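For the numbers below, each heavy atom of this structure counts, side chains included, while hydrogens, waters and symmetry mates do not. In this text the structure is predicted, and so the values were computed from the model without any measurement.
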Amino acid sequence: MKLPCTGKDNGMKDLQELRLEIDDVDQQITELFERRMEISEEVARYKIANGRKVFDKEREHSKLESLGAMAHNDFNRHGVQELFSQIMSMSRKLQYQLLEESGVSGRLPFIEVDDIDRENIRVVYQGVEGAYSHAAMQQFFGKDVNCFHVRTFRDAMEAIAEGSADYAVLPIENSSAGIVADNYDLLVNFENYIVGEQIVKVEHALLGLPGTKQEKIRKVYSHEQALSQCEGYLYRNPEWQLIPYDNTARAAKKVAEDGDPAQAAVGSIFAAEYFGLEVLQEKINDNEANSTRFIVVTNQRIFRHGAKKISICFEVPHSSGSLYNILSHFIYNNLNMNKIESRPIPGRNWEYRFFIDFDGNLADGAVKNALRGIREEAINMKILGNY
């Protein structure tokens, strides 16, 4: 008769016994970890006293190589190196925290203000009068602000860099189309900083001359993207000729200037009010949840007292785990990261610059601690603004 297997044949240990052994080893590891962190604190105090940097990349690499060599097989070698990489990361974070508490973390090159100037200022926006960027500018600064518009995003950035404008209003992302990549790149190339944001809901409408009847319309002008976004509504009127135009605002301006009741434009209600047109049909875009986020940029390194969002960019070493190590600073300091984007670095194939938005204020200790760690370990970190 064959007996059932009990799991104890050939001297095999019971599962409960194995778990007790693991518990014992885990206790020892915990005690050793705490002892190591105590030593790390002593190291931090030595570095504070002697002005030494926390992150020593060459020493850590050498240390990981020697630790990996102590393991008895490849699997354990990789495991030991990963384990100690995290232990070293925790050690650095403790040291950054002690530097902050000791007041030697260094001052961030930004000045805290109660609010940005809103009087006796000049604001530039990209685009034309009546465009969504014009609407965003007025929503943020008011209708009476002294303003002018330029042709390109770079022109707007150059205007504030050279001082012909105090602020620029630029689109940074659309909820449907995604990021405005050119403006991400310009934030890196110029010493200009974000101090505010304005979200504008994209609600296209059919605009015509006052008194125009829809059955009389034969031509509809607008930007190609706007026509596409209203495809469902427009194609229910097959007799209309859809004509792509530079942008929605210029299309509205053309209809107003031509004075032809057979013409209409797809644009915003703001454009209708600005050019004296009548809204023939509201909310004709297919996606009702479409919005564009605009940023307010200046050449001053300032942030408002109640600012709640921070934008940064950085590069990381082209090696395994480097981005993970940077992102761990947000976790350790309990900071909520709400956006990450990447852009290719010009002239360096397959290498990327990362852009991150996270919640916080530059005056917060946790933010200072995280930014110090990221600055030490990343390449070319830049604070793009706190707003």
Side-chain angles (χ1 to χ4, degrees), residues 53-55 57 92 96 99-100 105-113 116 153-154 156-163 167-173 179-197 293-304 307-319 322-330 333 335-348 351-387:
K53 289 183 66 174
V54 169
F55 186 41
K57 182 179 179 180
R92 290 197 303 273
Y96 295 138
L99 285 168
E100 179 65 36
S105 60
R107 295 182 61 187
L108 293 170
F110 283 78
I111 299 173
E112 185 175 4
V113 297
I116 64 172
F153 300 135
R154 178 174 286 275
M157 281 293 205
E158 288 177 345
I160 53 174
E162 68 186 18
Y167 301 98
V169 177
L170 298 168
I172 196 68
E173 68 173 323
I179 67 169
V180 183
D182 288 348
N183 284 336
Y184 273 85
D185 294 339
L186 289 172
L187 284 169
V188 176
N189 297 331
F190 284 83
E191 289 300 318
N192 297 329
Y193 306 92
I194 307 170
V195 291
E197 69 176 356
R293 182 166 71 99
F294 291 82
I295 52 174
V296 179
V297 184
T298 184
N299 63 4
Q300 303 174 68
R301 291 184 176 182
I302 58 174
F303 68 100
R304 287 186 287 178
K308 296 179 180 178
K309 181 190 289 187
I310 298 171
S311 294
I312 65 172
C313 68
F314 57 83
E315 302 159 32
V316 295
H318 199 50
S319 57
S322 56
L323 179 59
Y324 172 83
N325 289 333
I326 295 297
L327 298 183
S328 68
H329 289 283
F330 297 106
N333 290 284
L335 298 173
N336 180 45
M337 186 181 76
N338 47 51
K339 185 178 181 63
I340 181 169
E341 297 283 350
S342 65
R343 293 283 299 142
I345 301 173
R348 288 156 57 182
E351 294 189 42
Y352 298 87
R353 180 178 291 113
F354 294 91
F355 294 81
I356 287 178
D357 292 348
F358 65 97
D359 296 335
N361 187 281
L362 290 176
D364 297 342
V367 169
K368 291 179 181 178
N369 193 34
L371 290 176
R372 183 184 184 105
I374 295 169
R375 179 178 283 115
E376 289 268 351
E377 298 170 28
I379 303 171
N380 300 328
M381 190 203 84
K382 179 182 179 182
I383 299 172
L384 301 175
N386 189 191
Y387 48 100

Exercise. Hey, is OH on Y324 packed in by over 12 heavy atoms from elsewhere, all under 6.0 Å?
Worked result: no
Exercise. Say you draw a straight line from CZ of R375 to CD1 of I326; how long is it, rounded to the nearest 0.5 Å?
Worked result: 11.5 Å
Problem set entry | Exceeds 12 heavy-atom contacts within 6.0 angstrom, atom NZ of K339 | yes
Problem set entry | Note, V169 side chain near V297 side chain (heavy atom, < 4.5 Å) | no
Exercise. Below 4.5 Å, heavy atoms only, C-beta onward: do L371 and M381 meet side chain to side chain?
Worked result: yes
For this session: Indicate the atoms forming the closest heavy-atom contact of A156 with L170, along with that distance.
Result: CB-CD2, 3.8 Å
Problem set entry | Heavy-atom closest contact (I160 atom, N299 atom, distance) | O-ND2, 2.8 Å
Exercise. If you look at every heavy atom in A363 and K368, which pair is closest and at what distance?
Worked result: O-CE, 3.9 Å
For this session: Could you tell me whether the side chain of S342 and the main chain of F354 form a donor-acceptor pair under 3.5 Å?
Result: no
Problem set entry | Short N-O contact, R92 and E377, less than 4.0 angstrom | yes
Problem set entry | Interatomic distance, N183 atom CG to F294 atom CZ [nearest 0.5 angstrom] | 10.0 Å
For this session: Would you check if F355 and V188 make a side-chain contact, meaning some heavy-atom pair closer than 4.5 Å?
Result: yes
Exercise. Relative to each other, are the rings of Y96 and H329 parallel, tilted or perpendicular (30° and 60° limits)?
Worked result: tilted
Exercise. Atom CD in E197, atom CG in D357: separation rounded to 0.5 Å?
Worked result: 8.0 Å
Problem set entry | Verdict with supporting geometry, N386 and E112, side-chain contact (heavy atoms from CB on, under 4.5 Å) | CA-CA 10 Å; N386 189 191; E112 185 175 4; over 6 Å; no
For this session: With rounding to the nearest 0.5 Å, note down the distance linking CZ in R304 to CG in L362.
Result: 13.0 Å
Exercise. Yes or no on side-chain contact (heavy atoms from CB on, under 4.5 Å) for V195 and V113, after CA distance, side-chain angles and deciding distance?
Worked result: CA-CA 11 Å; V195 291; V113 297; over 6 Å; no
For this session: Decide yes or no for I172 and I179: does some side-chain heavy atom of the first lie under 4.5 Å from some side-chain heavy atom of the second?
Result: no
Exercise. Should V180 and F153 be marked as a side-chain contact (heavy atoms from CB on, under 4.5 Å) after you check the CA-CA gap, both sets of side-chain angles, and the distance that decides it?
Worked result: CA-CA 10 Å; V180 183; F153 300 135; 3.8 Å; yes
For this session: Dump the intermediate steps for side-chain contact (heavy atoms from CB on, under 4.5 Å) on I116 and T298, then the final yes or no.
Result: CA-CA 10 Å; I116 64 172; T298 184; over 6 Å; no
Exercise. So which heavy atom on F314 is nearest to which on A378, and how close?
Worked result: CB-CB, 3.9 Å
Exercise. Is the closest basic N to carboxylate O distance between K308 and D364 below 4.0 Å?
Worked result: no
For this session: Rounded to the nearest 0.5 Å, what's the gap from NE2 on H318 to CD1 on I345? Could you check?
Result: 9.5 Å
Exercise. Considering only heavy atoms from C-beta outward, does the side chain of N369 approach that of L99 to under 4.5 Å?
Worked result: no
For this session: Check the surroundings of atom CD1 in I111: do more than 12 heavy atoms from other residues, nucleotides or ligands lie under 6.0 Å from it?
Result: no
Exercise. What do you reckon, are the aromatic ring centroids of F303 and Y387 less than 6.0 Å apart?
Worked result: no
Problem set entry | Among V367, N336, D359, I356, the one residue meeting side-chain contact (heavy atoms from CB on, under 4.5 Å) with F330 | I356
Seminar exercise, completed: Rounded to the nearest 0.5 Å, the OH atom of Y193 sits from the CD1 atom of I302 at a distance of 12.0 Å
For this session: Report yes if some heavy atom in the side chain of E315 is under 4.5 Å from a heavy atom in the side chain of E351; otherwise report no.
Result: no
Exercise. Between E191 and R301, is there a salt bridge with N-O shorter than 4.0 Å?
Worked result: yes
Exercise. Considering residues at least two apart in sequence or located in another chain, which fulfil the ring pair (Phe, Tyr, Trp, His ring centres under 6.0 Å) criterion with Y167?
Worked result: F141
Exercise. Hey, does the side chain of K382 reach the backbone of L187 with a donor-acceptor pair shorter than 3.5 angstrom?
Worked result: yes
For this session: State, to 0.1 Å, how close L335 and A370 come at their nearest heavy-atom pair, and which atoms those are.
Result: CD1-CB, 3.6 Å
For this session: List the atom of P317, the atom of S322, and the distance in Å for their closest heavy-atom pair.
Result: O-OG, 2.7 Å
For this session: For the pair R343 and Y184, evaluate side chain to side chain donor-acceptor pair (under 3.5 Å) and give the outcome as yes or no after the intermediate values.
Result: CA-CA 8 Å; R343 293 283 299 142; Y184 273 85; over 6 Å; no
